[in-house]
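All remarks here apply to the structure that follows.
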Amino acid sequence: MDFFHGQETLSIIEWILRSVVTFIFLLFAVKVMGSRAISQLRLLDFVMALMLGNIIAHPLSDHRIGLKGSVISTIVIISLYLIGIFLNLKWIWLRNTIEATPILLIKEGEIFYKGLKKARISIDTLLAELRKEKIVEVKKVALALWESDGRISIFLDPQYEAITPSTYQLQTEPFELPRTIIKEGKIDFQVLKQINKEEGWLINELMNHHQTEVNRVLLATINRKNDLKVFVYK
């Protein structure tokens, strides 16, 4: 157990043992701290980032620490991470141990206080998450779950869902992402070529329909119908 204590030097085996013990300890510590500590990262990813950041930072900031131990520790941690991912996919019981099952927070408009306590979040945090989803009334929520990565999944009651064209079986045009044809006063000539237009056409469109010039345009996009959307510097 000498690898627990400070020493002048450590053997390769002692460096490996230090890495393994630290990795397992951090997994346990973060698990105890709860999902909020993970900050929307999976448990293994969070521990990996935390350990590698510390391992690499120390030899870079202290000239008395050699790179040998850091390199060995990094290799061990990466190996443990990959093994953890493999076992996580293979063994369901391990997956359930490391990644907690979703915690019920709201069901049919009712808040479950036990769920809030288990997830270690306050009412204010829950309401803030609802506001992010543009939900102002808890009663409109059919289901809200606290996920293992620290996020809240929210499902509205169907009667409060937004009406879409599919509700009335209406025909819609296929989705198309508008192309950026001008950005920060510069024309993208590759886009012009793709839509078979000339620079003169674009300049005329800007002048005739938007009363502006290319160098005054912050952003301009164009769709398949050649409709130009222009945002000028203000």
Side-chain angles (χ1 to χ4, degrees), residues 35-36 38-42 44-46 48-50 52-53 56-57 60 78 81-82 85 89 99 102 105-106 109 121 124-234:
S35 298
R36 293 195 65 182
I38 301 175
S39 184
Q40 298 185 359
L41 287 174
R42 294 293 179 184
L44 281 174
D45 299 332
F46 180 79
M48 179 75 171
L50 190 65
L52 287 185
I56 295 171
L60 293 178
I78 292 174
Y81 174 73
L82 295 175
I85 291 176
L89 294 172
E99 297 181 9
L105 301 180
I106 302 174
I121 63 173
D124 291 332
T125 301
L126 177 62
L127 295 178
E129 292 296 325
L130 293 178
R131 289 194 296 271
K132 289 179 183 178
E133 299 296 326
K134 307 296 188 295
I135 300 172
V136 295
E137 294 183 21
V138 177
K139 291 293 183 182
K140 293 182 178 181
V141 179
L143 185 68
L145 300 171
W146 181 261
E147 304 291 356
S148 60
D149 62 356
R151 284 185 265 194
I152 298 179
S153 298
I154 301 170
F155 304 90
L156 278 176
D157 190 299
Q159 64 178 319
Y160 299 112
E161 290 281 1
I163 296 176
T164 64
S166 63
T167 306
Y168 297 102
Q169 298 181 345
L170 299 176
Q171 294 293 326
T172 58
E173 294 185 0
F175 172 77
E176 180 202 17
L177 186 66
R179 304 179 186 184
T180 299
I181 197 167
I182 301 176
K183 183 167 61 176
E184 297 177 357
K186 295 181 180 179
I187 299 173
D188 189 329
F189 289 97
Q190 187 175 356
V191 173
L192 264 181
K193 185 178 180 181
Q194 290 171 353
I195 63 174
N196 297 317
K197 297 294 182 181
E198 302 290 337
E199 183 180 355
W201 172 85
L202 180 59
I203 293 173
N204 289 334
E205 285 288 311
L206 290 174
M207 187 58 67
N208 295 334
H209 298 286
H210 302 279
Q211 292 76 50
T212 189
E213 299 176 349
V214 174
N215 58 8
R216 294 183 56 205
V217 176
L218 174 63
L219 177 68
T221 60
I222 192 166
N223 61 19
R224 70 172 68 191
K225 295 182 178 180
N226 291 333
D227 294 330
L228 204 61
K229 302 294 183 183
V230 178
F231 304 87
V232 298
Y233 283 100
K234 289 186 179 180

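- Note that CD1 of I181 is 9.5 Å distant from CZ of F189, once rounded to the nearest 0.5 Å.
- A side-chain donor-acceptor contact under 3.5 Å links N223 to the backbone of N226.
- Other residues, nucleotides and ligands contribute more than 12 heavy atoms inside 6.0 Å of the CG atom of L170.
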D157 vs K140, side chain to side chain contact (heavy atoms under 4.5 Å, CB included): CA-CA, chis, key distance, verdict: CA-CA 6 Å; D157 190 299; K140 293 182 178 181; 5.6 Å; no
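- Residues L192 and E198 fail the side-chain proximity criterion, which asks for heavy atoms closer than 4.5 Å.
- You'll find the side chain of I195 reaches within 4.5 Å of the side chain of R179, heavy atoms only.
- Taking NZ from K229 and CZ from F231, the interatomic distance works out to 8.0 Å, rounded to the nearest 0.5 Å.
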Side chain to side chain contact (heavy atoms under 4.5 Å, CB included) between I121 and I152, intermediate numbers included: CA-CA 11 Å; I121 63 173; I152 298 179; 4.2 Å; yes
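- What you find for K139 and G109 is that their closest heavy atoms are CD-O, 3.6 Å.
- The CG atom of D188 sits 12.5 Å away from atom OG1 of T221, with the distance rounded to the nearest 0.5 Å.
- Scored by the salt bridge (Lys or Arg N to Asp or Glu O under 4.0 Å) test, R216 finds no partners at all (sequence neighbours excluded).
- Counting heavy atoms from C-beta outward, D227 and I222 have side chains that stay 4.5 Å or more apart.
- Within a 6.0 Å radius of CD in Q194, other residues, nucleotides and ligands contribute more than 12 heavy atoms.
- To the nearest 0.5 angstrom, E129 atom CD is 10.5 Å from R151 atom CZ.
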L219/T180 under side chain to side chain contact (heavy atoms under 4.5 Å, CB included): CA gap, chis, key distance, verdict: CA-CA 7 Å; L219 177 68; T180 299; 3.6 Å; yes
Evaluation steps, side chain to side chain contact (heavy atoms under 4.5 Å, CB included), between L145 and I154: CA-CA 7 Å; L145 300 171; I154 301 170; over 6 Å; no
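- What you find for L206 and E213 is that their closest heavy atoms are CD1-C, 4.3 Å.
- Between atom CH2 of residue W146 and atom CD1 of residue I106 there is a gap of 12.5 Å, rounded to the nearest 0.5 Å.
- Note: N215 CG to T212 OG1 = 7.5 Å, rounded to the nearest 0.5 Å.
- Side-chain contact check for I187 versus V214: some heavy-atom pair is nearer than 4.5 Å.
- For the pair E173 and K225, the salt-bridge criterion is met [side-chain N within less than 4.0 Å of a carboxylate O].
- Inter-residue side-chain proximity for V141 and L105 is flagged as unmet; no heavy-atom pair is nearer than 4.5 Å.
- Contact annotation: the side chain of E184 approaches that of Y233 to within less than 4.5 Å [non-hydrogen atoms, C-beta and beyond].
- Inter-residue side-chain proximity for L143 and L156 is flagged as unmet; no heavy-atom pair is nearer than 4.5 Å.
- Between R224 and E176, the shortest heavy-atom contact is N-OE1, 2.9 Å.
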